[in-house]
Novice: 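Take this structure first; my questions come after.
Below, chains carry the letters A, B, ... as their sequence lines are ordered, and counting in each starts from 1. Values below: all heavy atoms of this structure, side chains included; hydrogens, waters and symmetry mates excluded.
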Amino acid sequence: MDWRQALIAIRSIAALSLLTGLVYPLAVTGIARVLFPRQADGTLIEQDGKVVGSALIGQRFSAPCYFWGRPSATTPPYNAGSSSGSNLGPTNPDLLKAVAERAKALRQADPGHRAPVPVDLVTASGSGLDPEISLAAARYQAARVASARGLKIGEVMEVVARHTRGRFLGVLGEPGVNVLELNLDLDRRKPGGTR
Amino acid sequence: MNANNLLQGAIYIAVFLACVKPLGAYMAEIYEGRVPRPVRWLLPLERGLYRLCGVDPAEEMSWQNYAVAKLLFNAAGLFALYALQRLQHLLPLNPMKMAAVSPDSSFNTAVSFATNTNWQGYGGETTMSYLTQMLGLTVQNFVSAAGGMAVMAALIRGFVRRQSATVGNFWTDMIRGVVYILLPLSAVLAVILVSQGVVQTLKPYAAASVIEIAQDSRGKPMAGQTIALGPAASQISIKQLGTNGGGFFNANSAHPFENPTPLSNFLEMESLVLIAAALCFTFGKMVGDVRQGWALLAAMTLIFVPMLWLCVASEQKGNPAFDALGVDQRPTIEQPGGNMEGKETRLGIASSAIWATATTSVSNGSVNSMHDSFTPLGGLVPMALMQLSEVVYGGVGSGLYGMLLYAVVAVFLAGLMVGRTPEYLGKKIESFEMKMASIGILVSPACALLGTAVAVACAAGRAGVSNPGPHGFSEILYAFSSGANNNGSAFAGLNANTPFYNVTIGLAMFFGRYWIAVPVLAMAGSLARKKFVPESSGTLPTHTPLFIVFLVGIVVMVGALTFFPALALGPIAEHLLMIGKGA
């Protein structure tokens, strides 16, 4: 046993812990606090003085007058204190059952609608907290939301467009519609009355 | 496959390849002991650390001393991280009152982070206090990466030095790696990530009153949403750069607070491969022939590209069973389509599949989608890349030294074919080097397959499986492949936070790291002692396309011979079942 090296090992882990475990994260916290205070604290959305959610964290919606987000595999759904995906394999019967049930619920909420359901509306997101849906998923639900609120589809799609984010530089990632911000905007324009 | 998928893949590869030369040259300066002008201001920090730690920077070490220093340092770190988890309930910066972590989970996590694996049996936001995340996990993210790079530097010196008894100084290599490479890059990346929405705060979790009030299972209204926060950005940047991969949150980089936008995703994805790829150039530069580095990088990229193609194409094709359910999986201008189970909207197919391929090539192991829910062939790609011993870019340092083991085997086999004593970079490859290379190459497959076999044979192992059929076997195979190769990603349906898996995967990670690092250092010591053999007409050139293809062949052949039977029982069987049902 090399005692001198052992002592260096202990002193090194202590010194590097101080540097990379306290000085570094606290310095980044300080810089973040100054430059990007809203993002550092979770991009929270306040309404009438109280926090109603985060722009980056989805919420569960099931009323016809709201756009619904991605299915969430957390318990309960959209549990932002314990993120997780379903981890169901592609050939697992439970996955196929869940997808079939979600498609059925969507069709029941809008009986006249016969088009195939966009895949992101019936599959659970990776985090269980996905704040967005695809544009196709928003278009699929627009008629239901419009009729529940007494709006025209065109008016609803205009609001959707306002909350649609494109790809980065037109290439990277995928476009998405922020469900919480969209629903809050709709409520401000014309309340759906199911609060 | 569609045009955007191709474009995203091409941009991804082009950007990190463009960074290889500048970053690689910079790192060569660092490991050769110079301090480039732009980072001179960090010199007092380096010197201060030597004083605090009692390091004599002029001291040179034999390979044995180098290995002992590394192991002692890892042991000290392991103990500190274990203690921190066990005592976190008594310590400050624990706003959510997290309890002490169980002994077996603490052991697993300590080994996991000290070996640069970052396998996670726990869920971050439900288990770890802010102090543990910072002072325990973030620290190991830095030092385990710097330790891997140090071993790499020692091996390079083995090739460079002639008739020398020493291979460098572990303490200076490790500390310089942290101070000049990892810390500056991480700090910059962390601040950019915060700008995108990654959280960085010491405040307790936020309470939100949600818009639509749901009812719980007993019909009681649930108005609130607790939103987990924490000092995440500072850890996420180093988890990507240091090929660590351990998420701050349970969902890792699928979590919107860990990876909120396509831009944050792109940066995290580039940074996970950046250093590992650039080290190839560092190697070439330090051995005095950059073509040698480019040759290794080319071999890695030749394996990477087809695997990337297979993963993206399989995921884009989607799940044939969904078609009968009236689900639209076609890619259009308004949706990515494809297999979206376990994937985030902002990332879709291309960004998720590129990440899955990259994170398992690179021994990073962070995820931005749930690999367990990939199509069988889409999930085969990350599994197979780990089973190739993480040498396609690989972990920072460990990937390149792994690839060099294969290069040594390749020149040896080529030498056998023509009946000459093999040499690599002017050093004769003899029986001692071959023994060390063989041990290094065989340890991780042995751990992966034996671990899988034990788990399949035990009730405690089978109990963790969450999906039926061949997919359940894939979950176990993936877990041990990931642990033994220090990747850390998972088919996360496997319930691995049990004493059985915490201990067995903990051991696989331990052997998979040190039983490779120590033979590599032994080889470094043996090479350093040798004389330089000048190139002659009979020398096999190791920078030519011929050698590159030969090297790729060796890597793929060793991997395929070792793992094909196991893969046939898991993902391949599942794929056949899936398409059989669709027909």
Novice: Once you measure the plane-to-plane angle for B:Phe142 and A:Tyr24, does it fall in the parallel (<30°), tilted (30-60°) or perpendicular (>60°) bin?
Specialist: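 Rings of B:Phe142 and A:Tyr24: perpendicular, as their planes differ by over 60°.
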Novice: Where on B:Lys343 is there a heavy atom nearer than 4.5 Å to chain A: the side chain, the backbone, both, or neither?
Specialist: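 Contact with chain A: backbone only.
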Novice: Please rank B:Val55, B:Leu137, B:Val191 by heavy-atom pairs under 4.5 Å with chain A and give me the top one.
Specialist: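 Of the options given, most contacts go to B:Val191.
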Novice: Can you confirm if the NZ or CZ of A:Arg144 lies within 45° of the ring axis of A:Trp68 and under 6.0 Å from the centre of its six-membered ring?
Specialist: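 Yes, A:Arg144 sits over the ring of A:Trp68.
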Novice: Determine which residues belonging to residues 103-112 of chain A lie within contact range of chain B, meaning some heavy atom pair is under 4.5 Å apart, and list them by number or answer 'none'.
Specialist: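 Counting heavy atoms that sit under 4.5 Å from chain B, the residues of residues 103-112 of chain A involved are A:Ala103, A:Arg107.
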Novice: If contact means a heavy atom pair closer than 4.5 Å, which residues of residues 150-166 of chain A contact chain B?
Specialist: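 Listed by number: A:Arg165.
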Novice: Do A:Ser83 and B:Asn250 have a side chain donor and acceptor closer than 3.5 Å?
Specialist: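 Absent: no donor and acceptor within the cut-off.
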Novice: Can you see which heavy atom on A:Leu95 is nearest to which on A:Gly89, and at what distance?
Specialist: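 So the minimum-distance heavy-atom pair works out to CD2-O, 3.4 Å.
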Novice: For chain A, find which of B:Gly123, B:Pro468, B:Gly472 contributes the most heavy-atom pairs closer than 4.5 angstrom.
Specialist: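 Of B:Gly123, B:Pro468, B:Gly472, B:Pro468 has the most heavy-atom pairs under 4.5 Å with chain A.
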Novice: Determine the interplanar angle of the B:Trp171 and B:Phe73 rings, folded into 0 to 90°, and report it as parallel if under 30°, tilted if 30 to 60°, perpendicular if over 60°.
Specialist: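 Taking B:Phe73 first and then B:Trp171, their aromatic rings stand perpendicular (interplane angle over 60°).
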Novice: Quick check on B:Met61 against chain A: is it the side chain, the backbone, both or neither that has a heavy atom closer than 4.5 Å?
Specialist: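 Only the side chain of B:Met61 comes within 4.5 Å of chain A.
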Novice: For the residue pair B:Gln335 and A:Val119, what are the closest heavy atoms and their distance?
Specialist: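 The answer is OE1-N, 3.7 Å.
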Novice: Side chain, backbone, both or neither: which part of B:Pro470 has a non-hydrogen atom closer than 4.5 Å to chain A?
Specialist: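 For B:Pro470, there is no contact with chain A at all, as no heavy atom is under 4.5 Å.
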Novice: Given a strict heavy-atom distance threshold of 4.5 Å, which part of B:Leu49 is in contact with chain A: side chain, backbone, both, or neither?
Specialist: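 For B:Leu49, side-chain heavy atoms alone lie under 4.5 Å from chain A.
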Novice: So what's closer than 4.5 Å to chain A heavy atoms on B:Ala207: side chain, backbone, both or neither?
Specialist: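 Contact with chain A is through the backbone of B:Ala207 alone.
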Novice: Please list, chain by chain and in numerical order, all residues satisfying salt bridge (charged side-chain N to carboxylate O under 4.0 Å, His left out) with A:Glu174, sequence neighbours excluded.
Specialist: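 Per chain and number, A:Glu174 pairs via salt bridge (charged side-chain N to carboxylate O under 4.0 Å, His left out) with A:Arg167.
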Novice: Pick one of side chain, backbone, both or neither for A:Tyr140, based on which atoms fall under 4.5 Å of a heavy atom in chain B.
Specialist: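 No part of it gets close to chain B.
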Novice: Between the side chains of A:Ser134 and A:Asp120, does any donor sit under 3.5 Å from an acceptor?
Specialist: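 There is such a pair (donor and acceptor under 3.5 Å, judged by atom type) between the side chains of A:Ser134 and A:Asp120.
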Novice: For the pair B:Phe266 and B:Tyr12, name the ring-plane relationship: parallel under 30°, tilted 30 to 60°, perpendicular over 60°.
Specialist: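 If you compare the ring of B:Phe266 with that of B:Tyr12, the planes turn out perpendicular.
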Novice: What pair of heavy atoms forms the shortest contact from B:Arg346 to B:Pro260, and how long is it?
Specialist: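 That closest heavy-atom pairing would be CD-O, 3.0 Å.
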Novice: Answer with side chain, backbone, both or neither: which region of A:Ile31 has an atom nearer than 4.5 Å to a non-hydrogen atom of chain B?
Specialist: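 For A:Ile31, side-chain heavy atoms alone lie under 4.5 Å from chain B.
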Novice: Compare every heavy atom of B:Leu347 with every heavy atom of B:Ser253, then report the nearest pair and how far apart it is.
Specialist: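 So the minimum-distance heavy-atom pair works out to O-CD1, 4.5 Å.
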Novice: Please rank B:Ser351, B:Ala232, B:Ser186, B:Gly318 by heavy-atom pairs under 4.5 Å with chain A and give me the top one.
Specialist: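 The residue among B:Ser351, B:Ala232, B:Ser186, B:Gly318 with the greatest pair count is B:Ser186.
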Novice: Counting only heavy atoms closer than 4.5 Å, note whether A:Leu172 contacts chain B via side chain, backbone, both or neither.
Specialist: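 Answer is both: backbone and side chain atoms of A:Leu172 are under 4.5 Å from chain B.
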Novice: Would you tell me whether B:Glu475 and B:Asn467 have side-chain atoms, one donor and one acceptor, within less than 3.5 Å of each other?
Specialist: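 Per modelled atom types, B:Glu475 and B:Asn467 side chains form a pair under 3.5 Å.
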Novice: Can a donor-acceptor pair be found, under 3.5 Å and without considering hydrogens, that links the side chain of A:His113 to the backbone of A:Gln141?
Specialist: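 It does not hold such a pair.
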Novice: I'd like to know which of A:Leu169, A:Leu135, A:Asn79 tops the heavy-atom pair count under 4.5 Å against chain B.
Specialist: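 Top option by heavy-atom pairs under 4.5 Å: A:Leu135.
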Novice: By a 4.5 Å heavy-atom criterion (distance strictly below it), what part of B:Leu229 contacts chain A: side chain, backbone, both, or neither?
Specialist: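 Side chain of B:Leu229 only, per the 4.5 Å heavy-atom cut-off to chain A.
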Novice: For A:Ser62, is it the side chain, the backbone, both, or neither that has a heavy atom closer than 4.5 Å to a heavy atom of chain B?
Specialist: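 Interface part for A:Ser62: both.
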Novice: Checking heavy atoms, do the side chain of B:Ser195, its backbone, both or neither come under 4.5 Å from chain A?
Specialist: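 Backbone plus side chain of B:Ser195, per the 4.5 Å heavy-atom cut-off to chain A.
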Novice: So for A:Leu180, is it side chain, backbone, both, or neither that comes closer than 4.5 Å to the heavy atoms of chain B?
Specialist: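 For A:Leu180, side-chain heavy atoms alone lie under 4.5 Å from chain B.
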Novice: Not counting sequence neighbours, which residues clear salt bridge (charged side-chain N to carboxylate O under 4.0 Å, His left out) with B:Glu334? List them please.
Specialist: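 In terms of salt bridge (charged side-chain N to carboxylate O under 4.0 Å, His left out), with neighbours along the sequence ignored, B:Glu334 is linked to A:Arg139.
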Novice: With rounding to the nearest 0.5 Å, note down the distance linking CG in A:Leu184 to CD1 in B:Ile211.
Specialist: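 Result: 4.0 Å between the selected atoms.
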Novice: Between B:Val194 and chain A, which part of the residue has a heavy atom less than 4.5 Å away: side chain, backbone, both or neither?
Specialist: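 The answer is both parts of B:Val194.
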Novice: So for A:Leu35, is it side chain, backbone, both, or neither that comes closer than 4.5 Å to the heavy atoms of chain B?
Specialist: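 Just the side chain, heavy atoms under 4.5 Å.
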Novice: Looking at A:Leu121, A:Leu96, A:Asn183, A:Thr43, which makes the most heavy-atom pairs under 4.5 Å with chain B?
Specialist: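 Among A:Leu121, A:Leu96, A:Asn183, A:Thr43, the one with the most close pairs to chain B is A:Leu96.
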Novice: Which atoms form the tightest heavy-atom contact between A:Cys65 and A:Arg149, and what is the distance?
Specialist: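 Distance-wise, the nearest heavy atoms are O-NE, 2.7 Å.
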Novice: From A:Tyr78 OH over to A:Arg60 CZ, what is the distance, rounded to the nearest 0.5 angstrom?
Specialist: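 Here the interatomic distance stands at 10.0 Å.
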Novice: Would you mind telling me which of B:Ala321, B:Pro231, B:Pro336 has the largest number of heavy-atom pairs within less than 4.5 Å of chain A?
Specialist: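 Highest number of pairs under 4.5 Å: B:Pro336.
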Novice: For B:Ile11, is it the side chain, the backbone, both or neither that has a heavy atom under 4.5 Å from a heavy atom of chain A?
Specialist: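 Answer is side chain: those atoms of B:Ile11 sit under 4.5 Å from chain A.
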Novice: Just so I understand: if I count every heavy-atom pair under 4.5 Å between each of A:Leu129, A:Thr29, A:Ile8, A:Asn92 and chain B, which residue has the most?
Specialist: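 Among the listed options, the one with the most contacts to chain B is A:Ile8.
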Novice: With respect to chain A, which residue among B:Ala490, B:Ser474, B:Ala492 yields the maximal number of heavy-atom pairs within a distance under 4.5 Å?
Specialist: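 Top count of heavy-atom pairs under 4.5 Å with chain A: B:Ala492.
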Novice: Name the region of A:Arg33, side chain, backbone, both or neither, that has any atom closer than 4.5 Å to a heavy atom of chain B.
Specialist: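 Just the side chain, heavy atoms under 4.5 Å.
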Novice: Could you have a look at B:Phe322, B:Phe374, B:Tyr50 and say which one has the most heavy-atom pairs with chain A under 4.5 angstrom?
Specialist: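 So the answer, after comparing B:Phe322, B:Phe374, B:Tyr50, is B:Phe322.
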Novice: Considering non-hydrogen atoms only, spot the tightest contact between A:Arg102 and A:Val122 and give its length.
Specialist: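 Distance-wise, the nearest heavy atoms are NH1-O, 2.7 Å.
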Novice: Non-hydrogen atoms of chain A under 4.5 Å away: do they reach the side chain of B:Met96, the backbone, both or neither?
Specialist: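 Neither; nothing under 4.5 Å.
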Novice: For B:Ala206, is it the side chain, the backbone, both, or neither that has a heavy atom closer than 4.5 Å to a heavy atom of chain A?
Specialist: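 Side chain only.
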Novice: Taking atom types as modelled, is there a side-chain donor on B:Asn265 or B:Asn259 under 3.5 Å from an acceptor on the other?
Specialist: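 Judged by distance alone, the side chains do pair up.
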Novice: Heavy-atom distance under 4.5 Å to chain B: side chain of A:Ile45, backbone, both or neither?
Specialist: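 Neither part.
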Novice: Find the one option among A:Ile133, A:Asp94, A:Val177, A:Ile10 whose heavy-atom pairs under 4.5 Å with chain B are most numerous.
Specialist: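 Among A:Ile133, A:Asp94, A:Val177, A:Ile10, the one with the most close pairs to chain B is A:Ile133.
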Novice: Can you tell me how far CD of A:Glu132 sits from OG1 of B:Thr261, rounded to the nearest 0.5 angstrom?
Specialist: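 CD of A:Glu132 is found 9.5 Å from OG1 of B:Thr261.
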Novice: In terms of heavy-atom proximity below 4.5 Å to chain A, should B:His255 be classed as side chain, backbone, both, or neither?
Specialist: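 Interface part for B:His255: both.
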Novice: Check each atom of B:Gln133 against the heavy atoms of chain A and say whether the ones under 4.5 Å are side chain, backbone, both or neither.
Specialist: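 For B:Gln133, no heavy atom lies under 4.5 Å from chain A.
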Novice: Please flag which part of A:Arg70 lies under 4.5 Å from any non-hydrogen atom of chain B: side chain, backbone, both or neither.
Specialist: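 When you check distances to chain B, only side chain atoms of A:Arg70 fall under 4.5 Å.
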Novice: I need the B:Arg330 CZ to B:Asp323 CG distance, nearest 0.5 Å.
Specialist: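 It is 10.0 Å, given to the nearest 0.5 Å.
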Novice: Chain A heavy atoms under 4.5 Å from B:Gln225: which part of the residue, side chain, backbone, both or neither?
Specialist: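 B:Gln225 touches chain A through side-chain heavy atoms alone.
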Novice: OG1/A:Thr20 to CD/B:Gln235 distance, rounded to the nearest 0.5 angstrom?
Specialist: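 These two atoms lie 10.5 Å from each other.
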Novice: Name the region of A:Pro25, side chain, backbone, both or neither, that has any atom closer than 4.5 Å to a heavy atom of chain B.
Specialist: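 It is both, since atoms from each part get that close.
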